[in-house]
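Written out below as structure tokens is the structure these notes cover.
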Amino acid sequence: MALPPHTRSTQLDFPTAQRYKSFMPYSSSTQNLLDGLTEPQRQAVTHIDGPLLVLAGPGSGKTRVITHRAAYLAWTATQPHHILAITFTNKAANEMAQRMQQLDVGRGLTCATFHSFCARMLRIHAERANLRPNFSIFDQADQVAAMAEAVARTGLSKENFPPARILNKISAAKNEMISWQQYADDAYDWQEKRIADLYAAYETVLAEQNALDFDDLLTKTALLLGNDPELRDQLQQRYRYILVDEYQDTNHAQYLIARGLALDHENLCVTGDPDQSIYAWRGANLHNILQFEEDFPNAVVVRLEQNYRSTPQILTAADAVISHNRKRKEKKLWTANNDGPAVAVTECQDGHTEAAYIASQIRQHVDAGGTFSGIAIFYRVNWLSRNIEHALLQARIPYQVARGVAFYGRKEIKDTLAYLKLVANPADRVALTRIINVPTRGIGKTTVDRLLNFAAQTDRPILDILSNPKEIPDVSRAAKHLQSFANLMTGIAQTAETNSIQDTLEYVVRYSGLLAMWNKDTDKEALGNVHELISAATEYDQQHADGSGSLTDWLQQISLVGDVDAIDHQLGAVTLMTLHAAKGLEFDTVFIAGVEAGLLPHERSNNERADLEEERRLCFVGMTRAERSLTLTSAHWRNVHGIIRRTARSLFLTELPKDSVTWLNIGQEGKTVDHDDDGQRPASANDYLTWQKGQLVRHPTHGIGRVLWIRPASQGTYAGIHFAAEGEKTLVLEYAKLELIEPDELP
DNA sequence: GGTCCAACATTTTTT
DNA sequence: ATGTTGGACC
């Protein structure tokens, strides 16, 4: 079959493009792409021009559809470099690029996250966006530092205006594309007006430092596309086919970007699942996917509802939970997969028991021939990983924690990188103040203040002033220290100029005195982490041996790593991550820990139904990651902030179906406690079975009371308790915060 | 200007 | 329970 003529001619416009595979026989290559696809999948893959919405339930082969569709486009309609695929994580982007190569499509396809794509665009088109191409990207901590400065400048107190909280509000505004001017116009009371002031001041602080925060990457790109039709045309010429994955989690700015890039050709394909929307708290707007058909009236809609991932048991359980959401589009998930084991719910005595139980289950699974890398443990909050890590360590089970962001947030890593960031962007004051005296080199707070003041007054680059420190008023004794710091920075800059990033990093660590400092502190952990950083740099150097890399690019890549990007499936280790990070992944065996009231659903989101529904979706996402085996665990007692608290059963556990779920109670020693056998669901939490009439208990508000009777029922364990002040009360033991009092504890 | 200790928050989820 | 910050003291 002949190729459309326009695809050939465009090759001249883009000389870097790989050879066009017109010599490949059309029929065999495209046939391979369609082999083994179901009808709806095939429909999505072969759709070429015009908007396309793929509503894809969990495990419905969405990734396969996306990659095959991109390949199909590249074979039949266009060249790879006209295709832009936006994924949710860098890892997904890399995997997609890899798969495209396996499909022999050729290079040139752009796979990126929204953030990395935007950062790239803003550097290339910096002048048009009113930026300098070497801008810094500020992470959470940098943003807090910048905001702290803004607060100080505005003359407000950090106590009344905590930087982190203000940043949340400003981030929400930016996601909605609300500028500081507009925010000021909309401010309706004193508090809001001050926040508007801070927004403005914060923007100034960032601009002075040639810095953008994460949200700026999106908003500035969206603005650029909106205000610069010439550039938008240029980009639309380049990116003729656009795919956006996980569309249910896009915010308004991301929506504008996707729409802006596809404004004229409308070749926008979005995929997602409203039931897996879990990022509303950071501005994700479910309307984007729900109203896609109104946005693009000639949109084709494809539904992928057959699940290829999970057993019927897992799918039934997950579906039972999610069907409790009222605000949702009904969807029938089904699978032709073989039966597997029942979904397990294991209620444990406490967090240690829970962790030990998971470890022992993993041992058992691997002894029976399973692999570590097929296992994942999810949790709602990061701190839950502590117990589990401890238990895995003791059981000698290899594990990895998806914590890319936390790694780059470590002090020693941030310190090391700050030297490089300062070289890449000398205006980066946050980086400068971070390391000017780390390790200590006799430059104290007063000196730094004088330096910054002088720089602000004279409006000269700080590094210039540093090289001539005697010009700074009132700085005499510290001048020579400033001078040597300036020399150090010059040395690093020169090294960076001509050497690999690895070499530059090693230069920094050695000549800055950081290495000596860590050695002195016998801070083995810091050293290890920095070695890891250096290996990351080595890897980058190797990947860019052709000279395509740069310091700015490396720093950018690091700024935009996500938690999941850190995991390596080849490692042969159990994977630990938050439920949020688990999106899009799949594992043979999944444990979800801490499935208890207050944790999942999280107590901070109990107030509104919308929040509760998002928690339920989160639970749904976690459950549907499992292919064969799914275990939900909880603890009756949970150590929070060092205080041991009684927990209640999670609402979501009560929503599980009666069939295909087995319940288990684990006592302190990890032994199975007998549980009632009236069916599939336990009638009571079994540690209460040891409670007896006449025992004394303490209630947080009612005080001390005596147990009159206990009666297990299907909804929980009921007990009549006589309190001195209020007489007899009937309480549900699972929900009342009762503590057992030992007789010898009393006066 | 540097060091040490006590008070303090910290824990929702993240690019 | 743990890590960070700020203030007192050297």
Side-chain angles (χ1 to χ4, degrees), chain A residues 86-93 112-119 137-144 148 158-159 162 164-165 167-168 171 174-175 212-219 246 249-251 253-254 277-284 351 378-387 390 402-406 408-411 437-449 475 477-478 481 521 525 556-566 577-583 594 598-606 611 614-615 617-619 621-622 638-644:
Chain A
I86 294 181
T87 56
F88 204 69
T89 63
N90 296 296
K91 191 165 179 291
T113 64
F114 266 109
H115 286 86
S116 65
F117 176 75
C118 290
I137 298 171
F138 274 9
D139 67 16
Q140 186 80 38
D142 300 333
Q143 288 174 39
V144 169
K158 265 203 304 195
E159 286 66 41
R165 234 194 63 222
L167 280 167
N168 276 337
S171 172
K174 285 186 175 183
N175 285 329
L212 302 185
D213 65 21
F214 288 129
D215 302 315
D216 287 336
L217 296 174
L218 304 176
T219 54
E246 307 286 8
D249 281 322
T250 50
N251 60 32
Q254 291 167 327
S277 159
I278 53 175
Y279 284 98
W281 54 272
R282 65 171 209 208
F378 305 145
Y379 33 78
R380 176 67 233 266
V381 291
N382 278 305
W383 57 264
L384 272 189
S385 78
R386 275 176 186 277
N387 273 343
H390 187 77
R403 245 190 321 220
V405 177
Y408 288 104
R410 299 190 73 95
K411 191 154 48 71
N437 202 31
V438 175
T440 53
R441 45 172 75 90
I443 306 174
K445 195 176 176 302
T446 14
T447 308
V448 174
D449 284 346
V475 171
R477 252 188 317 163
H481 297 136
D521 291 356
E525 211 187 331
Q556 168 171 313
Q557 201 175 305
I558 277 177
S559 306
L560 300 179
V561 271
D563 278 337
V564 210
D565 299 332
M577 62 175 81
T578 64
L579 284 162
H580 281 90
K583 189 169 70 162
L599 235 37
L600 185 67
H602 195 273
E603 56 195 346
R604 298 271 262 261
S605 49
N606 257 347
D611 292 339
E614 178 150 319
E615 295 288 311
R617 291 194 291 270
L618 198 50
C619 185
V621 166
R638 183 70 72 183
N639 189 335
V640 185
H641 302 185
I643 295 159
I644 296 165

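Proteins come first, then strands; the chains are lettered A, B, ... in the order of their sequence lines, and each starts at number 1.
- Of the side-chain N and O atoms in A:Asn382, one or more sit less than 4.0 angstrom from OP1 or OP2 of B:dT14.
- You cannot call A:Phe114 stacked on the base of B:dT15; the centres under 5.5 Å and planes under 30° rule is not satisfied.
- Mapped onto DNA chain B by nearest heavy atom, A:Val381 and A:Val405 fall at different nucleotides, with A:Val381 at the one closer to the 5' end.
- Contact of the A:Leu560 side chain with the A:Leu217 side chain is registered, since non-hydrogen atoms from C-beta on lie closer than 4.5 Å.
- Across all non-hydrogen atoms, the minimal contact from A:Thr113 to A:Ile86 is C-CG2, 4.0 Å.
- Counting only distance, with no hydrogens or angles, the side chain of A:Asn175 and the backbone of A:Arg282 share a donor-acceptor pair below 3.5 Å.
- Between B:dT13, B:dT11, B:dT12, one nucleotide has an atom nearer to the side chain of A:His580 than all others, and that is B:dT13.
- Distance noted for atom C1' between C:dG6 and B:dT11: 23 Å (whole Å).
- Out of B:dG1, B:dT13, B:dT15, the shortest distance to the side chain of A:Thr446 is found at B:dG1.
- Atom-to-atom, NZ of A:Lys174 to P of B:dT14 comes out at 21 Å; the value is rounded to the nearest Å.
- Across all strands, A:Gln140 comes closer than 4.0 Å to base atoms (heavy-atom distances).
- Smallest separation of non-hydrogen atoms from A:Ala402 and A:Met577: CB-CB, 3.7 Å.
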Any N/O pairs under 3.5 Å between the protein and nucleotides 3-10 of chain C? List them or say none.
residue	atom	partner	partner atom	Å
C:dG6	OP1	A:Lys158	NZ	3.4

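- Note: CZ (A:Arg165) to P (B:dT10) measures 12 Å, nearest angstrom.
- Using a 4.5 Å cut-off on side-chain heavy atoms (C-beta onward), A:Leu600 and A:Glu615 make contact.
- Phosphate contact (OP1/OP2 of B:dT14, side-chain N/O of A:Thr578, threshold under 4.0 Å): present.
- Atoms CZ (A:Arg617) and P (B:dT13) sit 18 Å apart, rounded to a whole Å.
- A:Thr89 has no side-chain polar atom (N or O) that falls below the 4.0 Å cut-off from OP1 or OP2 of B:dT15.
- Atom CZ in A:Phe214 sits roughly 8 Å away from atom P in B:dT15 (whole-Å rounding).
- Rounded to whole angstrom, the span from the CG atom of A:Leu579 across to the C1' atom of B:dT11 amounts to 15 Å.
- As rounded to the nearest Å, B:dT13 and C:dT4 have C1' atoms that lie 22 Å from one another.
- Both A:Asp565 and A:His641 sit near DNA chain B, but only A:His641 has its closest nucleotide nearer the 5' end.
- Rounded to an integer number of Å, the gap from A:Arg403 CZ to B:dT13 P is 11 Å.
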For A:His580 and A:Arg380, what are the C-alpha separation, side-chain angles and deciding distance, and is it a side chain to side chain contact (heavy atoms under 4.5 Å, CB included)? CA-CA 8 Å; A:His580 281 90; A:Arg380 176 67 233 266; 3.5 Å; yes
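- OP1 or OP2 of B:dG1 has at least one side-chain nitrogen or oxygen of A:Thr447 nearer than 4.0 Å.
- Between A:Phe88 and A:Tyr279, the ring-plane angle classifies as tilted under the 30° and 60° cut-offs.
- For the pair A:Arg638 and A:Asn387, the tightest heavy-atom approach, listed with the atom from each and the gap, is NH1-ND2, 4.3 Å.
- Within the 4.5 Å cutoff, side-chain heavy atoms of A:Gln254 are placed close to those of A:Asn251.
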Polar atom pairs between nucleotides 2-5 of chain B and protein, under 3.5 Å, N or O only, would you list them?
residue	atom	partner	partner atom	Å
B:dG2	OP1	A:Gly442	N	2.9
B:dG2	OP2	A:Asn437	ND2	3.3

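- If you measure from atom CD of A:Glu614 to atom C1' of B:dT14, you get 12 Å, rounded to the nearest angstrom.
- Minimum interatomic distance between A:Asn90 and A:Val561 (heavy atoms only, all atoms of both residues): ND2-CA, 3.9 Å.
- Atom-to-atom, CZ of A:Arg380 to P of B:dT12 comes out at 9 Å; the value is rounded to the nearest Å.
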